[in-house]
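Here is how names work: the chains are called A, B, and so on, in the same order as the sequence lines, proteins then strands, and each is numbered from 1.
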Amino acid sequence: MLDKTFDPKSAEPRLYAAWEASGAFQPTDNPAAEPFSIVIPPPNVTGNLHIGHALNNTLQDVLIRFQRMRGKAALWLPGTDHAGIATQMVVERQLAAAGNIGRRDMGREAFVAKVWEWKAESGDQIVQQLRRLGASCDWSRERFTLDEGLSAAVRKVFVQLYKQGLLYRDKRLVNWDPQFQTAISDLEVETREEPGKMWWFAYPLEGEPIDGVSEIVIATTRPETMLGDGAVAVHPDDERYKKFVGRMVRLPIADRLIPIIADEYPDPEKGSGAVKITGAHDFNDFQVAVRHNLSLLSIMDEQARMAGPIPERYLGKPREEARKMVLEEIEALGLLRDIEEKLIARPYGDRSGVIIEPFLTDQWYVDAKTLAQPAIKAVEQGDMVFEPRNWEKTYFEWMRNIEPWCVSRQLWWGHRIPAWYDDDGGVYVEETEEAAQAAAGNKSIRQDEDVLDTWFSSGLWPFSTMGWPENTEDLKRFYPTNTLVTSFDIIFFWVARMMMMGLHFTGEVPFKRVFINALVRDAKGQKMSKSKGNVVDPLGLVDKYGADALRFTLTAMSGQARDIKLAEQRIEGYRNFGTKLWNVANFCQRNGCVRVAGYDPAAATQQVNRWIVGETAKTAELVTKALEAAAFDEAANGLYRFIWNTVCDWYVELAKPILNGPDGAAKDETRATVAWVLDQCLVLLHPVMPFITEELWAQTAEGGPDREGFLMSTAWPELPLSLVDTVAEREIGLVIDAITEGRSVRQGLNVPASAKPALLVIEGADWQLSTLDANAALVAQLLRVSEVRREPAVPEGAIPFVVNGATLALPVAEFIDLAAEKARLAKELAGLDKEIARFNGKLGNPEFVAKAPEAVIEENREKLAEAETAKSKLESALARLAAVG
RNA sequence: GGGCGGCUAGCUCAGCGGUAGAGCGUCUCGUUUACACCGAGAGGGUCGGGGGUUCGAUCCCCUCGCCGCCCACCA
């Protein structure tokens with residue numbers, strides 16, 4: 001006997017452990033099986049499962065379970081990312097909180113050891129959390145971006161790119177994070193628009209005034225950088241300033257002479273039209289400075305404190321303080337011309353939240369422009385497709401305007417750059433220190449202190465995890481992968497980089513399809529964030545409702561283009577769905593619906609059974625097609641409708657009279673069919689709700705033929721649409737309509753529940769009557785009337801009403817408000833008149849008849865005929881009603 | 001400044017050429033031997049505004065208006 005409800009808390013861990021122990025997560029070694037592979041977007045090794053992971057991994061699991069059941073050699077390769085900057089940040093913060101010394105005082109080795117310690121401590125948390133979700137990853141193949149093999153792949157890639165001239169060291173402006181004191185890539189900079197000020201300064205002209213003008217006014221939002229100005233630029237066509245070009249101004253405070261130059265860069269419409277050029281602290285200015293061969297004055301250090309060739313009183317001052325000092329001094333000098341309130345776009349480090357400083361340093365760059373070309377082409381020619389398709393625009397846009405990728409980070413947690421230097425400026429890029437030393441001869445060498453951007457190793461993920469550069473069996477069998485499931489916020493960071501690296505090093509796209517999932521927001525549509533306190537913890541939801549309910553919710557909502565607004569109520573609803581399934585299984589058990597060996601759905605004889613077999617086949621078709629197309633929501637919603645509305649609401653109800661009836665062939669067949677339908681439901685629902693279906697699979701094993709292994713390893717059903725019996729479909733449809741309509745009218749008539757009047761079927765098209773006749777007992781039971789029978793006419797005192805073209809009668813005038821019923825019929829009649837007029841109008845329109853498709857015209861004719869029949873029934877019903885009352 | 005989404009029932013969203021659907025919520029009824037984590041029923045929408053194409057538009061085109069996201073070097 002089944003328990004009253006499914007208890008996910010005890011069942012889920014038990015089932016998961018059993019699956020894992022059985023080796024069912026590993027791809028089959030059947031050589032005939034077609035491979036299907038997914039690599040997981042590796043979460044931060046020390047991270048926690050958030051709702052985005054839950055969505056993303058649920059979809060992957062749905063896919064992989066589906067493909068596994070279809071007999072593919074399905075591999076879902078899991079792993080984690082070392083997440084350089086994020087992890088280092090966490091550990092540094094912990095050290096600080098514990099009152100320990102900072103990492104710089106601690107030294108590299110000790111600090112990195114600390115991070116490994118932290119990884120060991122919290123490293124498998126997220127992996128355990130994925131298990132709680134039900135993720136059927138092949139844990140025997142689990143990888144980590146910093147493990148031995150992946151590190152070797154990283155070194156190989158770095159060295160090869162270097163030797164191919166696609167990776168180089170360069171001194172240029174980078175985005176510098178003064179808190180972490182490292183360079184970051186363009187993508188890690190977040191521009192925020194904030195209210196700020198723009199100050200207008202006058203720079204005195206050196207020498208004679210021109211036309212009485214003895215100063216040039218510049219506008220700036222960053223006054224402190226003026227100390228590093230190398231020039232003032234004006235547009236060559238700007239009449240106001242043309243004459244000043246070639247002269248010098250005296251830079252206030254710094255007290256240096258700088259030239260006035262002409263350049264296309266200044267926009268005469270903006271600000272004063274004259275721009276101060278600070279080559280070492282602004283990306284635009286840098287380009288101007290290079291064009292004009294201006295010297296680049298760095299006036300800040302790694303922590304964004306003032307430094308360099310500037311007045312002594314500024315040295316060591318933080319940039320904010322320096323700004324105040326400059327403003328005060330400029331004002332005191334009488335050179336402040338104006339202050340303008342303005343929205344300023346400021347760059348912030350996406351991790352540190354600190355304002356980024358353009359900073360002149362030596363860094364390693366990848367020639368992304370070159371690598372991007374094949375990656376663009378691959379998507380253009382469809383070797384890789386985005387799903388939804390639209391995201392390729394985003395991808396193209398970025399790839400076509402790609403800038404060199406700064407890959408070096410001044411951090412300690414990560415892949416150390418395999419480059420060594422000698423004291424004479426020689427650089428040796430090799431996979432090992434031995435090789436570098438060999439190249440350097442007897443010179444002494446030291447390794448580059450920096451590590452690589454986390455995304456450098458993630459970019460290799462699809463092939464490095466499979467053993468590249470070795471030509472492993474896995475690589476041969478499972479690469480390229482089939483589908484990548486990820487969210488749009490890392491298309492640039494990750495998808496694009498994998499495309500570039502994959503194509504360059506393996507000559508193949510790393511995946512054939514990328515499914516971009518939406519972003520999960522809270523019920524109000526706000527982005528979840530710790531500071532807003534609206535973060536939904538997926539594990540809390542799993543605790544409360546079970547993993548299946550959460551999985552179903554996320555799957556059903558995954559169709560949304562951009563955002564998923566997650567409301568807890570919804571999860572509750574899908575938990576109820578699981579319970580509904582559980583209860584229907586319970587019903588099966590109580591009614592002796594046991595699976596029968598060799599059951600042939602095509603051989604069913606009972607009309608309801610023939611009907612549900614067809615409905616099941618249609619659902620299987622729908623779910624299969626949907627999952628193939630990654631239309632996860634359609635699959636989930638189709639199953640929901642089928643199981644709840646079709647099976648539970650109708651099939652089970654229609655089967656009850658047979659199951660409660662006398663023993664015999666009809667009862668046996670129905671029992672077997674009910675059991676079969678339930679089995680199909682379990683199989684089809686399994687990818688989305690693996691736990692409850694697996695549990696029911698085991699619980700329903702009793703009495704029937706033996707179950708072979710787990711449901712998760714069971715074959716996906718192949719149910720041909722030829723199982724659909726259109727006659728059964730139409731007739732059962734009619735029975736359902738009649739019952740629905742009958743109930744509706746009964747309720748409208750306010751017939752008390754206690755009343756059991758007879759229901760008479762007296763008119764209607766023959767085939768409809770025969771259907772109703774055949775199911776008379778059933779209809780009577782479901783309508784809760786004592787009897788359904790045919791009569792030539794409405795008997796004396798009975799109240800007629802129209803259902804589905806047939807006229808039914810209740811001989812219970814005392815229960816019925818005659819006036820209300822008359823009004824109802826009159827209203828219905830008016831509606832029909834309108835409808836008839838509409839169809840007549842349409843069909844009377846020569847243009848419609850001439851141009852509309854034949855099928856549409858035919859449909860309209862049928863509807864017109866139906867409406868006219870219904871009208872005549874209604875009219876006679878009204879007449880008889882008048883006679884009675 | 002570019003680009004991309006969204007605007008459909010009170011809420012969250014499907015539908016995307018033939019006069020509107022679901023779930024939740026609301027209201028009414030219900031001790032029907034699977035299920036109250038249930039069942040039956042009702043109410044509720046000029047499908048953001050305005051044009052156009054079409055026999056016919058929520059659906060296609062144009063335009064405007066909000067809302068959101070991404071990218072961009074504007075001082």
Side-chain angles (χ1 to χ4, degrees), chain A residues 2 4-6 186-187 191 198-200 218-222 225 233 265-267 269-278 282-287 342 344-345 347 358 388 390-391 393-394 397-398 401 488-489 491-492 518-519 521 523-525 527 545 549 556-557 559-567 569-570 572-591 633-634 637 640-641 644-645 648-649 652-653 656 660 739-740 743-748 750 752-753 781-782 784 835 838 842 845-853 855-857 859-860 863:
Chain A
L2 280 177
K4 182 141 175 62
T5 52
F6 176 62
D186 298 345
L187 286 174
T191 311
M198 188 157 82
W199 291 271
W200 298 53
I218 56 90
T220 181
T221 56
R222 303 213 45 201
T225 63
Y265 163 61
D267 180 347
E269 305 290 311
K270 294 274 163 65
S272 65
V275 183
K276 66 195 258 314
I277 299 300
T278 320
D282 182 284
F283 288 98
N284 291 308
D285 293 6
F286 179 78
Q287 288 177 4
K342 206 174 177 228
I344 313 279
N390 250 67
W391 290 106
K393 286 189 188 170
T394 308
E397 174 66 19
W398 190 68
N401 298 300
F488 61 80
D489 52 340
I491 289 180
F492 303 148
L519 211 66
R521 296 168 176 276
K524 291 183 198 128
K527 203 166 177 170
Y545 301 104
M557 298 184 82
Q560 262 119 279
R562 295 278 168 124
D563 300 337
I564 291 178
K565 292 181 191 139
L566 189 69
Q569 214 174 32
R570 190 107 183 222
E572 196 181 332
Y574 290 128
R575 186 270 322 267
N576 296 353
F577 172 62
T579 306
K580 187 80 180 172
L581 178 72
W582 188 265
N583 283 322
V584 80
N586 193 14
F587 170 85
C588 285
Q589 223 172 40
R590 284 165 184 241
N591 283 279
D633 54 329
E634 279 178 36
N637 291 324
Y640 184 93
R641 280 193 304 271
W644 200 312
N645 303 125
C648 294
D649 289 350
V652 165
E653 294 305 323
K656 273 178 184 172
N660 292 335
I739 293 168
T740 309
R743 274 174 183 158
S744 165
V745 173
R746 201 188 150 96
Q747 189 138 10
N750 273 325
Q781 176 165 349
L782 293 180
R784 294 207 287 146
E835 204 172 314
R838 199 174 59 239
K842 242 172 155 180
N845 179 346
E847 274 186 287
F848 172 72
V849 177
K851 293 183 181 171
V856 172
I857 296 173
E859 196 183 314
N860 277 278
K863 279 186 183 164

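You'll find that the side chain of Glu653(A) is closest to rC35(B), out of rC35(B), rG41(B), rG5(B). Side-chain proximity of Thr740(A) to rC55(B), rG41(B), rU12(B): nearest is rG41(B). In this structure, of rU12(B), rA34(B), rG18(B), it is rA34(B) that holds the atom nearest to the side chain of Lys580(A). The Asn576(A) side chain lies nearest to rC37(B) when the options are rC55(B), rC37(B), rA75(B). In the set rG18(B), rC4(B), rU33(B), rC4(B) carries the atom at the smallest distance from any side-chain atom of Lys393(A). Listed candidates were rC37(B), rC71(B), rC69(B). Nearest to the side chain of Phe488(A) is rC69(B). Which of rA75(B), rA34(B), rC55(B) sits closest to the side chain of Val584(A) comes down to rA34(B). Comparing rA75(B), rC37(B), rC35(B) against the side chain of Thr220(A) picks out rA75(B) as the nearest. When the nucleotides rC35(B), rA40(B), rC73(B) are ranked by their closest atom to the side chain of Tyr265(A), rC73(B) comes out on top. Listed candidates were rC37(B), rG41(B), rC70(B). Nearest to the side chain of Thr579(A) is rC37(B).
At least one side-chain heavy atom of Trp398(A) sits under 4.5 Å from a side-chain heavy atom of Leu187(A). Side-chain contact between Asp267(A) and Val275(A) is absent, with no heavy-atom pair separated by less than 4.5 Å.
Among the heavy atoms of the strands, none lies under 4.0 Å from Phe577(A). Heavy atoms of Trp200(A) sit nowhere under 4.0 angstrom from any nucleic acid atom. At the heavy-atom level, Asp267(A) lies under 4.0 Å from base atoms of the strands shown. Thr191(A) comes within 4.0 angstrom of nothing in the nucleic acid, heavy atoms only. At the heavy-atom level, Asp649(A) lies under 4.0 Å from the strands shown only through sugar-phosphate atoms. Among the heavy atoms of the strands lying under 4.0 Å from Pro266(A) is at least one base atom, whether or not backbone atoms are also near. Using a 4.0 Å heavy-atom distance criterion, Glu397(A) is classed as making no nucleic acid contact. Among the atoms of the strands shown, base atoms are found under 4.0 Å from some heavy atom of Arg575(A). Residue-level contact check: Cys648(A) touches the bases, meaning some heavy atom is under 4.0 Å from a base atom.
Between Thr579(A) atom OG1 and Asn586(A) atom CG the span is 11.5 Å, to the nearest 0.5 Å. Put simply, CD1 on Ile218(A) and NZ on Lys276(A) are 6.0 Å apart, with the number rounded to the nearest 0.5 Å. In this structure, CD in Glu572(A) is found 7.0 Å from CD in Gln569(A), a value given to the nearest 0.5 Å.
With a 3.5 Å ceiling on both atom-pair distances, the Watson-Crick or G-U wobble partner of rC66(B) is rG6(B). Pairing partner, rU54(B): none, since no Watson-Crick or wobble contact has both distances short of 3.5 Å. Base pairing of rA20(B): no nucleotide in any strand meets the Watson-Crick or G-U wobble criterion (both distances under 3.5 Å). Base-pair partner of rA36(B): not found among the strands shown (Watson-Crick or G-U wobble, both distances under 3.5 Å).
One atom, CG of Asn586(A), and another, P of rA34(B), lie 9 Å apart when rounded to the nearest Å. Rounded to an integer number of Å, the gap from Trp391(A) CH2 to rC71(B) P is 11 Å. At whole-Å resolution of the value, CZ in Phe848(A) and C1' in rC55(B) are 7 Å apart. Summarising the geometry, the separation between CD on Glu634(A) and C1' on rG15(B) is reported as 10 Å, rounded to the nearest angstrom. Whole-Å rounding puts the Phe587(A) CZ to rU32(B) C1' distance at 13 Å. When rounded to the nearest whole Å, the span between NZ of Lys851(A) and P of rC55(B) equals 3 Å. If you take CD of Gln569(A) and C1' of rU26(B), they are 12 Å apart, rounded to a whole angstrom. Put simply, CD on Glu859(A) is 18 Å from P on rG56(B), counting in whole angstrom units.
Of all non-hydrogen atoms in Trp199(A) and Thr221(A), the two that sit nearest each other are CZ3-O, 3.8 Å.
Between Trp582(A) and Phe6(A), the ring planes lie tilted relative to each other; the angle falls in the 30° to 60° range.
The gap from the P atom of rC64(B) to that of rC73(B) amounts to 27 Å, rounded to the nearest Å. Across rG18(B) and rG56(B), the matching C1' atoms stand 7 Å from one another, rounded to whole Å. Nucleotides rG50(B) and rC13(B) have their C1' atoms positioned 27 Å apart, rounded to a whole Å. One C1' atom belongs to rG49(B), the other to rC71(B), and the distance between them is 30 Å to the nearest Å. rU58(B) sits 24 Å from rG23(B) when the P atoms are compared, rounded to a whole Å. For rG21(B) and rU32(B), the C1' atoms lie 30 Å apart once the distance is rounded to whole Å. Taking atom P in both rG10(B) and rU26(B), one finds a spacing of 15 Å when rounded to whole Å. Here, rG44(B) and rC62(B) have their P atoms 36 Å apart, quoted to the whole Å.
Of the two residues near RNA chain B, Asp186(A) and Arg743(A), the one whose nearest nucleotide lies more 5' is Arg743(A). Nearest-nucleotide assignment on RNA chain B puts the 5′-proximal partner with Glu572(A), out of Ala219(A) and Glu572(A).
OP1 or OP2 of rG39(B) lies within a sub-4.0 Å distance of a side-chain N or O belonging to Trp644(A). Between Asn637(A) and rA22(B) there is no side-chain polar atom (N or O) within less than 4.0 angstrom of OP1 or OP2. The phosphate of rG5(B) (OP1 or OP2) has a side-chain N or O of Asn390(A) nearer than 4.0 angstrom. A sub-4.0 Å separation between OP1 or OP2 of rU32(B) and a side-chain N or O of Lys656(A) is absent.
A salt bridge links Lys863(A) with Glu859(A): the closest approach of a Lys/Arg side-chain nitrogen to an acidic carboxylate oxygen falls below 4.0 angstrom.
In this structure, Tyr640(A) has its ring center closer than 6.0 angstrom to the ring center of Tyr574(A).
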